[in-house]
Amino acid sequence: MDDAHAAGGPRTALITGAGRGIGRAVAAELHRRGLRLVVTARTAGDARETAARLGPDVAGHGLDVTDPDAPKRVAADAGPVDVLVCNAGVLLDAGTDPLSVPVDLVDETLRVNLLGTWRVAQAFVPGMVERGWGRVVIISSGTTAEFGGRLFGGAPGYSISKSALNGLASLLAAQTEGTGVLVNAVNPGRVRTRMMPGQRRMPEDVAPFIADAATLPADGPTGGFLTDKRGPG
Ligand SMILES: NC(=O)c1ccc[n+]([C@@H]2O[C@H](COP(=O)([O-])OP(=O)(O)OC[C@H]3O[C@@H](n4cnc5c(N)ncnc54)[C@H](OP(=O)(O)O)[C@@H]3O)[C@@H](O)[C@H]2O)c1
């Protein structure tokens, strides 16, 4: 994080889907690093509970990323956001395959993972561009390439949604190039959460990697697909 801004107060980070799992751990890690936090969750109750756990200085806002009005409403309430972690996501079609997955499940997956993230980015990234500084982290997945060098077919809607998010990160990075805004997709590897209960690594194990991507120096990468070098558990 740049020292110049530290003199004028900490940067502000907003995390989506921070009521549990990886999002909550990333919020805690960024709070530990001294950022001002705006914690959001699908329900206002979860957002407030997570915020209260982190400290009295932390704001909590309900933000259902499928609600077309919610991101702009939160943006108006929360004030300027410098660091955006797009973490909210669903895995609805595990155990299916591309030929038989109910397309309604794919539709719902894309509505949350892709369109929800896109909508949130549209609410917060223009302000970063105007202010000349921003960091955006989009939580992608190894299902986009990691399993045998091809998309993982055992959760096809999810894999497509996360591949599309890599594309969104690339588009946003190109659009913001040279403005002081860095946009990257990250692959946290497999982590034990409600989504992936059988894994070894805990959200706290990957939170520093995601927090690093959210606090990159000015010469850090943009448009990248960053993988936790400590490897998937
Ligand atoms: N765990 C892994 O191994 C793994 C690996 C690669 C990538 N990821 C990604 O990491 C991110 C976090 O997942 P997780 O593993 O921490 O799973 P999780 O514990 O199930 O957390 C998912 C979070 O997303 C929120 N969410 C779902 N729909 C939402 C909506 N419409 N609006 C706002 N928030 C919404 C959930 O809120 P509610 O609880 O209210 O539904 C929850 O807080 C996801 O993008 C996931 O795809 C996870």
Side-chain angles (χ1 to χ4, degrees), residues 14-29 38-51 53 60-71 73-74 84-94 105 107-121 123-124 136-147 151-152 154-166 168-169 184-207 209-211 213-214 225-228 230-233:
L14 184 145
I15 301 108
T16 64
R20 68 182 77 250
I22 293 172
R24 189 163 73 188
V26 171
E29 178 67 23
V38 180
V39 160
T40 73
R42 190 172 53 79
T43 66
D46 275 358
R48 280 196 293 266
E49 193 187 313
T50 304
R53 262 199 231 194
H61 294 270
L63 200 178
D64 181 337
V65 299
T66 64
D67 175 348
D69 301 323
R73 199 167 53 232
V74 173
L84 174 64
V85 180
C86 296
N87 164 80
V90 290
L91 167 58
L92 303 174
D93 62 345
L105 281 188
D107 181 78
E108 177 63 13
T109 303
L110 291 172
R111 282 199 319 120
V112 178
N113 294 5
L114 174 62
L115 304 181
T117 300
W118 204 325
R119 191 176 279 124
V120 169
F124 293 100
V136 181
V137 177
I138 294 179
I139 310 292
S140 180
S141 159
T143 57
T144 59
E146 174 178 274
F147 304 143
L151 290 193
F152 176 59
Y158 180 83
S159 298
I160 288 285
S161 76
K162 293 294 183 176
S163 302
L165 281 181
N166 292 353
L168 178 62
N184 291 287
V186 302
N187 170 18
R190 297 173 218 174
V191 183
R192 190 192 306 171
T193 62
R194 181 185 59 184
M195 185 181 287
M196 295 281 276
Q199 305 304 315
R200 182 177 54 80
R201 283 189 317 156
M202 302 301 289
E204 293 70 27
D205 298 328
V206 296
F209 156 69
I210 297 169
F225 178 56
L226 312 178
T227 295
D228 190 351
R230 286 156 286 203

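For clarity, every value in this text was computed on a predicted model and none was experimentally measured. Atoms within a ligand are numbered from 1 in the order they appear, just like the ligands themselves.
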* Is there at least one pair of N or O atoms, one from Ser141 and one from ligand 1, spaced under 3.5 Å apart? -> no

* Mind checking the OG-CE spacing from Ser141 to Met195? Nearest 0.5 Å is all I need. => 9.0 Å

* To do: Mind checking the CD1-CD spacing from Ile22 to Glu204? Nearest 0.5 Å is all I need.
  => 10.0 Å

* To do: Note the single closest protein heavy atom to atom 44 (C) of ligand 1, along with its residue, its atom name and the distance in Å.
  => Asn87 O, 3.2 Å

* Asked: Looking at ligand 1, does any of its N/O atoms fall within less than 3.5 Å of an N/O of Asn187?
  -> no

* Asked: Can an N or O of Asp64 be found at a distance shorter than 3.5 Å from an N or O of ligand 1?
  -> yes

* **Best match, Met196, Arg20, Arg201: closest heavy atom to atom 39 (O) of ligand 1** => Arg20

* Gly17 to ligand 1: N or O pair under 3.5 Å? -> yes

* To do: Could you give me the CA-CA distance, side-chain angles and deciding distance for Val186 and Ile139, then say whether side-chain contact (heavy atoms from CB on, under 4.5 Å) is met?
  => CA-CA 5 Å; Val186 302; Ile139 310 292; 3.7 Å; yes

* Around atom 47 (O) of ligand 1, find the nearest protein heavy atom and jot down its residue, atom name and distance. => Tyr158 OH, 2.6 Å

* Nearest-0.5 Å distance that lies between atom CG in Asn187 and atom OG1 in Thr143 -> 8.0 Å

* Asked: Which residue supplies the protein heavy atom nearest to atom 9 (C) of ligand 1, what is that atom called, and how far is it?
  -> Ile139 CG2, 3.6 Å

* Is there at least one pair of N or O atoms, one from Gln199 and one from ligand 1, spaced under 3.5 Å apart? -> no

* To do: Over all heavy atoms of both residues, which pair between Ser161 and Thr109 is shortest? Give the atoms and the distance, please.
  => OG-CG2, 3.7 Å

* To do: Could you establish whether Gly189 and ligand 1 come within less than 4.0 Å of each other, counting only heavy atoms on the residue side?
  => yes

* Asked: Going from CZ on Arg20 to CG on Asp46, what distance comes out if it is rounded to the nearest 0.5 angstrom?
  -> 5.5 Å

* Residue part near ligand 1, for Arg24, under 4.0 Å between non-hydrogen atoms -> neither

* **Per-atom contacts of ligand 1 with Val90, taking only distances under 4.0 Å to non-hydrogen atoms** => 27 (C), 28 (N)

* Per-atom contacts, ligand 1 versus Gly21 - under 4.0 Å to a heavy atom -> 16 (O), 19 (O)

* Side chain proximity check, Met202 to Asp205, heavy atoms < 4.5 angstrom -> yes

* Asked: Which residue and non-hydrogen atom of the protein lie closest to atom 41 (O) of ligand 1, and at what distance in Å?
  -> Arg42 NE, 3.1 Å

* Any side-chain heavy atom of Arg201 within less than 4.5 Å of one from Val206? -> yes

* Asked: Do any nitrogen or oxygen atoms of Val65 lie less than 3.5 angstrom from nitrogen or oxygen atoms of ligand 1?
  -> yes

* To do: Answer yes or no: is there a side-chain heavy-atom contact under 4.5 Å between Val65 and Pro71?
  => no

* **Identity and distance of the protein heavy atom lying nearest atom 24 (O) of ligand 1** => Gly89 N, 3.3 Å

* Once you round to the nearest 0.5 Å, how far does CZ of Arg42 lie from OG1 of Thr16? -> 12.5 Å

* To do: Provide, to 0.1 Å, the distance between atom 16 (O) of ligand 1 and the closest protein heavy atom, together with that atom's residue and name.
  => Ile22 N, 2.8 Å

* If you measure from each non-hydrogen atom of Pro188 to ligand 1, which part falls under 4.0 Å: side chain, backbone, both or neither? -> side chain

* Structure fact -> Contact region, Val112 to ligand 1, non-hydrogen atoms below 4.0 Å, reads side chain

* Donor-acceptor pair, side chain of Thr40 and main chain of Ile15, under 3.5 angstrom -> yes

* How long is the gap from OG1 on Thr43 to CZ on Arg48, to the nearest 0.5 Å? -> 8.5 Å

* **Main-chain N/O of Phe209 paired to Asp228 side chain as donor or acceptor, under 3.5 Å** => no

* Should one rank Thr193, Leu92, Thr144 by closest heavy-atom distance to atom 15 (O) of ligand 1, which comes out on top? -> Thr193

* Ligand-side contact atoms (ligand 1) for residue partner Arg190, heavy atom cut-off under 4.0 Å -> 3 (O)

* Structure fact -> Nearest heavy-atom approach of His61 to Ala47 is O-CB, 3.2 Å

* Structure fact -> Nearest non-hydrogen protein atom to atom 13 (O) of ligand 1, with distance, is Met195 CE, 3.8 Å

* Asked: For ligand 1, which atoms sit closer than 4.0 Å to a heavy atom of Ser140?
  -> 6 (C), 7 (C)

* Asked: What protein heavy atom sits nearest atom 3 (O) of ligand 1, and how far away is it?
  -> Val191 N, 2.7 Å

* To do: Taking all non-hydrogen atoms of both residues into account, name the closest pair between Asn113 and Tyr158 and its distance.
  => ND2-CD1, 3.8 Å

* Asked: When you look for heavy atoms under 4.0 Å from ligand 1, do you find them on the side chain of Leu63, its backbone, both, or neither?
  -> backbone

